[in-house]
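These notes concern the structure reproduced below.
Just the heavy atoms: all of them, side chains too, but no hydrogens, waters or symmetry mates, feed the values below.
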Amino acid sequence: MKSRLGSYPLRLPATLAALFLAIQPSLVGAQTKDTHAQTARSQPHGPRAKPQGAANANPKEVMNAWTVGLAGGLLEGAPIRFAAEMALVVDDGDNLHVLPIVTRGPTENVNSLLYLRGIDIAIINSDSLDEYKSVVPDIQRKVTYVLNLFPSELHIFVRPEIQSLNDLAGKKVNFNTLGTAAAYSGPLIFSRLGLDVEKTFIPHQVALEQMRKGEGGMAAVVFVTSKPVNAFVRGTFEPGFKFLPVPYNSKLMDYYLPTTLDPADYPALIKPGERVDTIAVPTTLVAFNWSTTSNRYDRVARFVEHLFSRLDKLQGPGFDPQWKSINLAATVPGLMRFPAAQAWLDNHARGSQASQ
């Protein structure tokens, strides 16, 4: 299946069988009707969990009662690191157990949230929902957000002879392997900017080596990930290799945010006093829109309560520094917040007002 971006083979869903199920909700396992989704997915482990300490509790039931599946991302990416850190902080023994899961990346995590059994929450890039609108028209009713996590900055790294975005027209540009954030967001952004390039989807380390040696006509690599990127911090490049600025305009305002790359991020590539304007893709923690009467809703609600109330631990020593910039009240355009998350914020806002 090809997306409207050209030759990039978009997986919506990950297999043709899943796509057929998305179109034919009458088949077993389809979840495109709200009532069916809430019935089929809200009770994969049987009836609602027994209260802790119930007499003669089955060990298997106890272990599964408050387990939450979190679709993270690739091993080398920031999302899986955030997922692992969340799982560590919210862990509460039999009362809450979060399983961070290595996946094909934040883009395909939408597939996991919609179709994969055992997945309650996921980390996605905000623009991942764009292509799903044609396959799942009510996608924004099925996915709710818990909180904004961190921005994934767009890095367009080019050879010395490339001076502007327009110079990339017709040139070979690598967007990393399929399923990564760069492989989805990169072509989408290039399409919006009107840049027609020869897209490749090979590992970035291979493409960077080709760029260094001037082999294969590789003119640029596109990263969409949190700065700083180790490949640019630790790598050695000849003079002239650089990041291209990306203008922020009306074509990018629906999903993206303006940001910069600075000398503090890449001292060997950006001179003191200079900066490179670019854009960022917000990375968001989302949950399936479970029925509020379902066991799966209860699990995510407990996860939310633990996460929000323990955010200060994640913002302390030993965890990713980006936790310090997270604002629980930040919204996500186009999506409604998971009800338990909104209730937590409302309750704490009222508590703060009462104490003043």
Side-chain angles (χ1 to χ4, degrees), residues 1-12 105-108 110 124-135 139 151-202 204 207-208 210-211 214 216-227 229 232 240-261 269-270 274-284 332-334:
M1 175 181 180
K2 292 185 178 181
S3 77
R4 56 183 170 81
L5 305 183
S7 60
Y8 174 50
L10 185 69
R11 301 177 187 173
L12 293 176
T107 297
E108 290 206 5
V110 180
I124 69 169
N125 289 336
S126 62
D127 58 358
S128 298
L129 300 177
D130 190 71
E131 291 282 350
Y132 283 82
K133 291 178 180 178
S134 61
V135 180
I139 182 69
S152 295
E153 289 83 9
L154 173 68
H155 300 67
I156 302 180
F157 191 64
V158 300
R159 284 186 49 80
E161 64 269 19
I162 304 297
Q163 301 299 323
S164 69
L165 289 174
N166 289 335
D167 291 342
L168 290 176
K171 300 288 196 309
K172 188 178 290 187
V173 178
N174 190 59
F175 294 93
N176 208 356
T177 53
L178 297 176
T180 62
Y184 178 81
S185 296
L188 179 59
I189 293 168
F190 271 49
S191 176
R192 292 184 174 209
L193 294 174
L195 294 173
D196 187 12
V197 300
E198 182 183 344
K199 296 182 282 291
T200 64
F201 300 92
I202 62 176
H204 266 334
L208 281 170
Q210 291 180 5
M211 283 181 63
M218 190 66 68
V221 293
V222 174
F223 281 71
V224 179
T225 189
S226 297
K227 64 179 183 180
V229 178
F232 302 127
F241 281 83
K242 56 189 170 294
F243 298 107
L244 288 183
V246 179
Y248 186 69
N249 56 41
S250 59
K251 298 178 181 179
L252 302 169
M253 290 181 179
D254 52 351
Y255 294 118
Y256 309 102
L257 298 172
T259 188
T260 61
L261 306 178
L269 293 168
I270 303 176
E274 296 182 355
R275 69 177 190 177
V276 179
D277 292 330
T278 188
I279 62 173
V281 185
T283 301
T284 306
V332 178

Problem set entry | Partner residues of Asn125 under the side-chain hydrogen bond (donor to acceptor under 3.5 Å, both in side chains) criterion, sequence neighbours left out | Thr283
For residues [X] and [Y], determine if any side-chain heavy atom of one lies less than 4.5 Å from a side-chain heavy atom of the other.
{"X": "Val332", "Y": "Pro282", "value": "no"}
{"X": "Asn174", "Y": "His204", "value": "yes"}
{"X": "Leu193", "Y": "Val246", "value": "yes"}
{"X": "Val221", "Y": "Ile156", "value": "no"}
{"X": "Met253", "Y": "Tyr248", "value": "yes"}
{"X": "Ile124", "Y": "Leu129", "value": "yes"}
{"X": "Thr259", "Y": "Leu154", "value": "no"}
{"X": "Asp277", "Y": "Pro247", "value": "no"}

Between the side chain of [X] and the main-chain N/O of [Y], is any donor-acceptor distance below 3.5 Å?
{"X": "Lys242", "Y": "Gln163", "value": "no"}
{"X": "Lys251", "Y": "Ser191", "value": "no"}
{"X": "Ser126", "Y": "Tyr255", "value": "yes"}

Taking all atoms of both residues into account, what is the closest heavy-atom pair of [X] and [Y], and its distance?
{"X": "Leu261", "Y": "Lys227", "value": "CD2-CD, 4.0 Å"}
{"X": "Lys171", "Y": "Ala219", "value": "CB-CB, 3.8 Å"}
{"X": "Ser128", "Y": "Val110", "value": "CB-CG2, 3.8 Å"}
{"X": "Phe241", "Y": "Arg159", "value": "CZ-NH1, 3.6 Å"}
{"X": "Ile189", "Y": "Leu252", "value": "CG2-CD2, 4.3 Å"}
{"X": "Pro151", "Y": "Ala280", "value": "CB-CB, 3.7 Å"}

For this session: Mind checking salt bridge (charged side-chain N to carboxylate O under 4.0 Å, His left out) for Asp196 and listing every partner two or more places apart, or none if nothing turns up?
Result: none
Exercise. If you measure from CG on Asp130 to CG on Asp254, what distance do you get to the nearest 0.5 Å?
Worked result: 7.0 Å
Problem set entry | Inter-residue atom distance Ile162.CD1 - Met211.CE, 0.5 Å rounding | 8.5 Å
For this session: Apply ring pair (Phe, Tyr, Trp, His ring centres under 6.0 Å) to Phe190 and list each qualifying residue two or more places apart in sequence or on a separate chain.
Result: Phe175
For this session: With sequence neighbours excluded, tell me which residues meet ring pair (Phe, Tyr, Trp, His ring centres under 6.0 Å) with Tyr256.
Result: none
Exercise. What pairs with Glu198 under side-chain contact (heavy atoms from CB on, under 4.5 Å), at least two apart in sequence or on another chain?
Worked result: Lys172
Exercise. Considering residues at least two apart in sequence or located in another chain, which fulfil the side-chain contact (heavy atoms from CB on, under 4.5 Å) criterion with Ala220?
Worked result: Val158, Leu168, Val173
Exercise. Parallel under 30°, tilted from 30 to 60°, perpendicular over 60°: which one fits the rings of Phe157 and Phe232?
Worked result: tilted
Problem set entry | Short N-O contact, Arg192 and Asp127, less than 4.0 angstrom | no
